[in-house]
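Here is the structure we will look at, set down as structure tokens.
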Amino acid sequence: MIGYITRRVLVSIPVLFGILLVTFVLARLIPGEPCRAILGEKATQEVCDRFTREHGLDRPIYVQFGLYMTRIVQGDFGNSIRFSRPVSQIMVERLPMTIELAVGGLILAIIVGVPLGILSAMRHNTGTDVATMIFANIGISMPVFWLGLMLAYVFALLLKGTWLWLPPSGRLSAGLTSTPFFEVWGWHVVAGTGKAKFLEFIANHFVFNSIITGDWKVLKDALRHLVLPVVALSTIPMAIIARMTRSSLLEVLGRDYVRTARAKGARERRVVARHALRNALLPVVTILGLQMGALLGGAVLTETVFGLAGVGRMLFEAITARDYPIIQAFTVVIAVAYMLINMIVDVSYGFLDPRIRLE
Amino acid sequence: MVTTLKRGVEAAEAFAEQADEDVLLGSPTALWKTALKRLFRRKTGVVGMCLVGMMMITAIAAPIIAPYNPQEVLIGKEKVRKREAPCIHLLGCEADKPQHIMGVDGNFRDQFSRVIYGARVSLSIGFTTVLFAVSGGMILGAIAGYWGGWIDNVIMRIMDVILGFPSLLLAIAIVAVLGPGIRNALLAIAIVTLPAYARVMRASVLSIKELDYVAASKAIGASSTRILLVRIVPNAMTPIVVLSTLGIASAILDAAGLSFLGLGAQPPTAEWGTMLGSERNQVFSAPHLVFFPGLAIMITVLGFNLLGDGMRDALDPRLND
């Protein structure tokens, strides 16, 4: 097992280097000078020269790449050109939003998608099966941003005044603030240090923070704000998971050992739960990693629709503003996260199915 | 989004690996004939074909179906208000008012005509993107699979790097480099989806090149290029065809997403994603301007997805009638 994990990690290293290189090159290839994109079209040549020098943009490109690699290894992403603030600080503020969104989306997709798939397979070729698959096919074909806007229209406007009303944008209602847990517990934290950033990062997960501090009012409000974006984001993965579960379970249900279990007189429910499902869910685990990528990409669109200040939206704005440090750092973080998730999925797959390890 | 495509890749790869000499030695037309027969017998395939067919007819006959020119500003020509709600005579709209089935948009244009013309843009985006991605992917995949060695390694590692990014984000970054616009959006989507085709093509070539008839060809003295182009590639097409149908669906969806963000087709082009994006802030006051373009995207994408699924089932040699 350890050998398998090591091999898997080693294989990822060249890909990771490639990702860093591509990110760096792409960011540099974006046309337009960062100086005039940030300081305005009317900035004089003198001002621009100083700006370029200050941000090290006048050095040869390979020196810039070397510096960039060294810094990334040290965990230093530099300062945002547009905001003149450390990129890591911006990430501390923006990343938790996207994590809440993506994790929420994935959880919803699994807890609805898997049972739907099982139901559909157990009632193969019945009305339930057909209805589920129609739902799944429509789900796969829906544009995330359209679904989001339509949900906002129905739940924020048409259902206004009823208990079903849900807020169409933002993370918390006006007037509410989420007090970080370390402040609630009276910890002494020096602002600006790595420890402070880490604690802030944790505390910016409003749902988690309000649970551990017992602030139910904020928790309820934060969850209400999450419902619509999470539903919009989870639809496509949900549909894909449901289809995958169904086809995989159907295949397993035709195997000999399932027939044996049935012949022994086991009830259908038990046959599915104890015998078939374990093997049927293996391929579903594999696609979860891929779905995470779709969720991260979909987050750009979802965050745009619901006015959420997350990583996706930030990255999109940084690209328009030629804010190289942010583009590089955020792309790297997203790509690395995506890679790690897929690695974990691969490893857990090797753990769940010993045959894989031997290949 | 592109996940639909990735889902297809795994199936297609598995499918490509089990190239069967008996099937390949039979006449190719016979294979496609049986496949077509099977496709017609499957409900998903038929529904998919109907939806795709409907969209194609809409695109071709757009000037006949659409009551207005999609760019025509109706201000001063008719008594219309900005973002006016749909007015359908059959459903009780006053007869003296001009009929606008899907209402009027923010620039006083007939929304229905724009949605109809949008089919042209979206379908051509879908087909062209996939054409680029498939040809690029096939060439790279065939080279990697046939020659192997370091060429294979270099090509496939590059493909791994592309697959290492969430596809929509990479597409956004590429469009940022090339500049917004429909052509660049198309190119960006082609680049991020290319690895899928390359991988499938490589898997097919790898399994086919071991078959006896390829060895026979080699023994006669055929050149590598000839073997690859005449003996291998035509027989590796089946999984690619299935994958590209699903690929059209995801290309249309991704292109709409880029346009929605303002990176794809630019106004005043009647493109569904652009139409949706430019009116998204009006969703509470004029929901019809968001609803109909999105519905059109969904129907088109659904059509290609169903057709792709139907074709996969019909062409799968493991399933017999």
Side-chain angles (χ1 to χ4, degrees), chain A residues 11-12 14-19 21-23 26-27 29-31 133 137-138 140-147 149-150 152-153 156-157 168 236-237 240 243-244 283 286-287 290-301 304-305 312 315-316 319-320 322 327 330-331 334-335 338-339 342, chain B residues 1-4 6-7 10-11 43-44 47-48 157-158 160-179 249-250 252-254 256-257 260-263 272-273 276-277 280 283-285 287 290-291 293-295 297-306 309:
Chain A
V11 169
S12 313
V15 177
L16 181 62
F17 182 79
I19 287 174
L21 183 67
V22 169
T23 314
L26 274 182
L29 285 176
I30 296 175
M133 284 307 111
N137 273 314
I138 291 179
I140 290 176
S141 311
M142 232 185 296
V144 183
F145 46 94
W146 179 67
L147 178 63
L149 287 168
M150 286 295 114
Y153 177 69
L157 190 78
I236 291 181
I240 292 177
R243 286 174 52 141
M244 195 75 188
T286 343
I287 57 162
L290 290 177
Q291 291 318 309
M292 208 56 202
L295 285 172
L296 289 171
V300 185
L301 296 165
T304 307
V305 169
L315 186 59
F316 177 68
I319 289 174
T320 353
R322 321 263 174 275
I327 303 174
F330 278 54
T331 322
I334 291 175
Y338 185 42
M339 211 182 79
N342 275 312
Chain B
M1 308 263 135
V2 179
T3 21
T4 335
K6 286 184 180 155
R7 176 173 52 84
E10 297 201 345
K43 265 182 218 133
T44 40
V47 175
R157 290 303 81 75
I158 295 174
D160 282 350
V161 170
I162 298 180
L163 287 174
F165 290 94
S167 51
L168 188 66
L169 288 182
L170 185 58
I172 291 176
I174 295 174
V175 177
V177 171
L178 301 172
S250 71
I252 293 175
L253 214 47
D254 284 352
F260 175 78
L261 291 170
L263 296 172
W272 296 329
L276 235 156
R280 75 182 150 96
V283 64
F284 287 171
S285 55
V290 170
F291 180 73
L295 192 68
I297 299 175
M298 199 188 82
I299 293 174
T300 317
V301 174
L302 184 65
F304 281 105
N305 271 333
L306 291 176
D309 280 350

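Order of the sequence lines sets the chain letters (A, B, ...), proteins ahead of strands, with each chain counted from 1.
Two residues are said to be in side-chain contact when any heavy atoms from C-beta on lie closer than 4.5 Å; B/D309 and A/M133 fail this criterion. Residues A/W146 and B/I297 form no side-chain contact, since every pair of their non-hydrogen atoms from C-beta on lies 4.5 Å or further apart. Two residues are said to be in side-chain contact when any heavy atoms from C-beta on lie closer than 4.5 Å; A/L315 and B/I172 fail this criterion. Contact check for A/Y153 versus B/V290: no side-chain heavy atoms found under the 4.5 Å cut-off. Using a 4.5 Å cut-off on side-chain heavy atoms (C-beta onward), A/L301 and B/L168 make contact.
Partners of B/T44 by side-chain hydrogen bond (donor to acceptor under 3.5 Å, both in side chains), not counting sequence neighbours: none found. In this view, A/T23 satisfies the side-chain hydrogen bond (donor to acceptor under 3.5 Å, both in side chains) rule with no residue, not counting sequence neighbours.
In this structure, A/I19 and B/V161 approach most closely via the heavy-atom pair N-CG1, 3.9 Å. Annotation for A/S141 and B/N305: closest pair OG-ND2, 3.2 Å, computed over non-hydrogen atoms.
Of the atoms belonging to A/M150, it is side-chain heavy atoms, and not backbone ones, that fall under 4.5 Å from chain B. With a 4.5 angstrom heavy-atom cutoff, A/P237 does not touch chain B via any of its atoms. Both the backbone and the side chain of B/L295 come within contact range of chain A, each with at least one heavy atom under 4.5 Å from a heavy atom of that chain. For chain A, the nearby part of B/F260 is the side chain; its heavy atoms alone come within less than 4.5 Å. Using a 4.5 Å cut-off between heavy atoms, B/L263 contacts chain A through its side chain alone, with no backbone atom that close. Using a 4.5 Å cut-off between heavy atoms, A/F17 makes no contact with chain B at all.
Among B/G273, B/P293, B/G303, B/P287, the residue making the largest number of heavy-atom pairs under 4.5 Å with chain A is B/P287. When B/L261, B/I299, B/L276 are compared by the number of non-hydrogen pairs under 4.5 Å with chain A, B/L261 comes out ahead.
The distance from the CG atom of B/L169 to the CD1 atom of A/I327 is 12.0 Å, given to the nearest 0.5 Å. Considering OG of B/S285 and CG of A/L157, their distance stands at 9.5 Å, rounded to 0.5 Å.
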